[in-house]
Amino acid sequence: MALTSAAQGGKSRRNPFPASWPARLGWALVLIYVVYASSTLDVSWDRFIAGLGYGGEFLGRMVPPNFSRWKLLLEGLLESLEIAVIASTMGILLSLPIGFLAARNMMPAWISWMARAVIAICRSFHPVIVAILFVKAVGFGALAGILALVVASVGFIAKLFAEAVEEISLKQVEAVRASGATFANVIIYGVLPQVLSRFIGFSTYQLDSNLRNSTMVGIVGAGGIGGTLFAAFQRFDYDFVSAILISIIAVIMLGEYISGHARRVFE
Amino acid sequence: MKPSEVEASASRGAAPALREAGGPGSDDGQSAVAANPLEIRRLCKSYTRGKPVLKEIDLAIEGRGITVIIGPSGTGKSTLIRCINRLVEPTSGEILFEGRDVVQLGRADLRHVRRRIGMVFQEYNLVERLSVIENLLCGRLGYVSPWRAWLRRFPQADIDRAFGLLEAVGLADLAYQRADSLSGGQRQRVGIARAVMQSPRLLLADEPTSSLDPKTSVEIMELMTALAGELQIPVIVNIHDVVLGRRFADRVIGMSDGRIVYDGPPDDLTDDHLNTIYGGDGWL
């Protein structure tokens, strides 16, 4: 009785959605900072209008795209593709053990901390910076690009894989352990089936982003179409630039299509 | 077998292929020293210091029969069962399984003991994303190298036995279904079949019927007792449902506050005993 009468008790002054003053203050601070930052960086309306003018001229010089140097273009694209595929494969193979070692529910703390440190280092820098480091370390060319993207892949896949392993149901693991299975067999039957489909998801996503990144590491001399693109920019060959950009878009779209199917095949 | 026959044989628990692979004494080479297959002596367990969940449990389980453990929630029934195969580490005491103290065993020896103790879980604990037949074969993982496990290359005898057992529990046509597509009753049948795949010398069941409806609960208990009878092994079952427990028990253990307060045949269990075990009588 008490419960129902309370529900019918007419108007209640209690508001189910109380205003959060800290949140409002937070938003106000963000807004103020954006206005302040724009003023220090000389981001003004006039500057924007002037920029639009340059942009229009630039776009005008990009049409029509010039595919006359298609051989150079194709060569660069194929190299990028190779970089992406090799780096993804190696990255995926490395991520499986590293991610697993980093899972705190599977490994003693000192091992998982070491694996986590490796992952954190891999994630610290943007692939371009890693690519510069590898260009300095192993010289110009595709090898530097591959190594840079392997690092990026480990940073992404291993981290998410470790988190997936930490979220598994331990009941299923317990049942496999109770059968007297060795540690390796517990992993193979109790853990992997629970995380494999997510691992494949992370891997295809990373293949996708490696395709994009492989077109970029060339800018710093680490092989692929990026080098060609950068040279074309510097020589103001904007029609060739647009040809390259269109080709890259085509490759990325194709890659997305293929990785979508790859996912279905491997699952 | 036609499905109707499968159902029938499942409820009768006829399992022709049960005692082929593995079997008693197929590993370890250790023969029984103690008279009983399982003897628990002065077993204590506390999860936090100074708050024991099990207080000096002494219990001997004979070579056959169903031992049902009843008692209120949180009284240590589950802990007791899990100490036997050391899914929970005992704090002190001895657990002699076929003459060896499980508490003292190293990792490899512990695995060998676990291979011979089947376990059935309250929430079935099947590997959800594996097929039914793969879940059954999980029961043989203690005997298969990682390499063969990875490649799914189980010995043909194990595979034949898994299919035979699946037929015996009435799920032959679900062999390739993923475990998460099964109903509760079907899952528990798979859970029991997985435990039996181990050719265990002891079967533990931790609240095997708590997630099931009354009718399915009875079927599951029938199946489990029938299979254990085939294997001629003892069963220890934790159960909440006193009526169901009594119906299948050869022996009832009543626990209260970490101690055994009743130990005897189900027919001698009176309301007074139940009062002692659960406290109060308003619920009777």
Part of B:R152 within contact of chain A (heavy atom distance under 4.5 Å): both
A:S112 side chain to A:M107 main-chain N or O, any donor-acceptor pair under 3.5 Å? no
Which atom pairs, donor and acceptor, lie under 3.5 Å between side-chain atoms of residues 126-136 of chain A and protein residues at least two apart or in another chain?
from	atom 1	to	atom 2	distance (Å)
A:H126	ND1	A:V128	N	3.1

Is the number of heavy atoms from other residues, nucleotides or ligands within 6.0 Å of CZ (B:R153) greater than 12? no
Measure across A:M106 and A:F183 and return the closest heavy-atom pair with its distance rounded to 0.1 Å. O-CZ, 4.3 Å
Where does A:L192 contact chain B at under 4.5 Å (heavy atoms): side chain, backbone, both or neither? side chain
Heavy-atom proximity to chain A below 4.5 Å, by part of B:I117: backbone
If you count heavy-atom pairs under 4.5 Å with chain A, which of B:L204, B:V120, B:N85, B:L126 comes out on top? B:L126
